*Asks:* 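Please read through the structure below; I'll follow up with questions.
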Number of protein chains: 2
Amino acid sequence: MKTEEKIVEKKYQQAKECPITIFMEQIGGKWKPVIIWLLLSNEVMRFNELDKAIDGISQKMLSQQLKDLEKLNLIDRKSYPVIPPKVEYRLTEKGKSLKEILTIIMNWSNQNLR
Amino acid sequence: MKTEEKIVEKKYQQAKECPITIFMEQIGGKWKPVIIWLLLSNEVMRFNELDKAIDGISQKMLSQQLKDLEKLNLIDRKSYPVIPPKVEYRLTEKGKSLKEILTIIMNWSNQNLR
DNA sequence: CAGTATCCCTCCTGATACTG
DNA sequence: CAGTATCAGGAGGGATACTG
């Protein structure tokens with residue numbers, strides 16, 4: 001039946017392909033935008049710096065979110081084999097390209113939310 | 001102590017005022033962007049239409065998300081006192097102003113995520 | 001310093017059934 | 001038609017302690 005096929009097709013589209021949903025799942029959430037935002041203005045940050053700069057985050061959450069962002073190729077992790085350990089995080093080009101979006105969201109939010 | 005005050009001030013800023021975090025909390029998530037996106041292209045939709053159009057959503061979730069969006073003044077709910085009930089949802093001007101953001105997110109997502 | 005490991009608990013969500 | 005009521009399950013997230 002034609003109408004049924006149409007519905008199925010539509011549903012599939014929305015469930016698996018909606019790019020906005022994918023974005024929200026992968027970049028949204030409580031911590032990822034903050035991390036990206038900090039790296040946009042600070043260029044390079046160490047784990048501890050991020051930890052101190054983000055209020056309320058736990059080390060567990062921070063390392064988890066950083067891993068996620070690394071997998072998405074949005075940030076680069078550079079580890080130095082020294083004691084004590086030193087690890088640097090910075091944005092990739094792809095990560096930097098989020099600046100425009102985050103800026104627009106920030107402006108809209110400032111004007112429309114509180 | 002000056003440095004301590006600085007830290008406290010910084011933390012407060014990030015925790016309570018970060019507009020991007022506020023945006024993600026209020027407009028992000030699994031369903032709200034989809035609802036807004038549908039209303040951007042369809043102008044007016046009834047509860048049942050939204051329910052059918054959004055794959056996997058439950059009535060409970062749908063009504064909850066619609067209430068949230070209404071509170072944010074992003075959508076308008078118009079109820080007709082007829083039997084069977086008829087309720088229409090449409091975007092407010094504020095809601096429509098999200099089109100630009102969602103479009104940019106969609107484009108970025110299409111190019112950078114999968 | 002830069003993380004893991006562990007426990008614990010809340011809240012989000014889905015499923016189902018019901019109603020004005 | 002447009003919701004609400006209720007319950008259960010699981011993932012997400014916090015607190016704390018530990019380690020290379």
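These figures come from a predicted structure and were not determined experimentally. Each chain gets a letter, A, B and so on, in the order its sequence line appears, and its residues count up from 1.
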*Asks:* Examine C/dG3: is either OP1 or OP2 under 4.0 Å from a nitrogen or oxygen in the side chain of A/Arg46? Give yes or no.
*Replies:* no
*Asks:* Respond yes when some side-chain nitrogen or oxygen of A/Ser63 is under 4.0 Å from OP1 or OP2 of C/dT4, and no when none is.
*Replies:* yes
*Asks:* Map every base of DNA chain D to its dot-bracket character, where paired means a Watson-Crick or G-U wobble contact with both distances under 3.5 Å and | marks a partner outside the strand.
*Replies:* ||||||||||||||||||||
*Asks:* By nearest nucleotide on DNA chain C, pick out whichever of A/Pro84 and A/Gln64 is the more 5' one.
*Replies:*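 Result: A/Pro84.
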*Asks:* Between the main-chain N or O of A/Leu69 and the side-chain N or O of A/Lys32, is there a donor-acceptor pair closer than 3.5 Å?
*Replies:* no
*Asks:* Determine whether B/Ile57 and B/Asp51 make a side-chain contact, defined as any pair of heavy atoms from C-beta on separated by less than 4.5 Å.
*Replies:* yes
*Asks:* Tabulate protein N/O versus nucleotide N/O from nucleotides 15-18 of chain C, keeping only pairs under 3.5 Å, one per line.
*Replies:*
none

*Asks:* Would you say a side-chain N or O of A/Lys30 is under 4.0 Å from OP1 or OP2 of D/dG14?
*Replies:* yes
*Asks:* Between B/Asn48 and A/Pro85, which is nearer to the 5' end of DNA chain D once each is assigned its nearest nucleotide?
*Replies:*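 Comparing both residues, the 5'-ward one is B/Asn48.
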*Asks:* I'd like to know if the side chain of B/Lys99 reaches the main chain of B/Leu40, judged simply by a donor and an acceptor atom lying under 3.5 Å from each other, with no hydrogens or angles considered.
*Replies:* no
*Asks:* Rounded to the nearest Å, what distance is computed from the CD1 atom of residue B/Ile54 to the P atom of nucleotide D/dA2?
*Replies:*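 To the nearest whole Å, that distance equals 14 Å.
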*Asks:* For B/Leu66 and for A/Gln65, locate the closest nucleotide of DNA chain D by heavy-atom distance; then report the residue assigned to the nucleotide nearer the 5' terminus.
*Replies:*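 Looking at DNA chain D, the more 5' nearest nucleotide goes with B/Leu66.
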*Asks:* Is the backbone of A/Ile105 close enough, under 3.5 Å, to the side chain of A/Ser109 for a donor and an acceptor to pair up by distance?
*Replies:*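 Side chain of A/Ser109 to backbone of A/Ile105: no pair is present.
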*Asks:* Assign B/Tyr89 to base, sugar-phosphate, or nothing according to its heavy-atom contacts below 4.0 angstrom with the strands shown.
*Replies:*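 Since only primed, P, OP1 and OP2 atoms lie under 4.0 Å of B/Tyr89, the category is sugar-phosphate.
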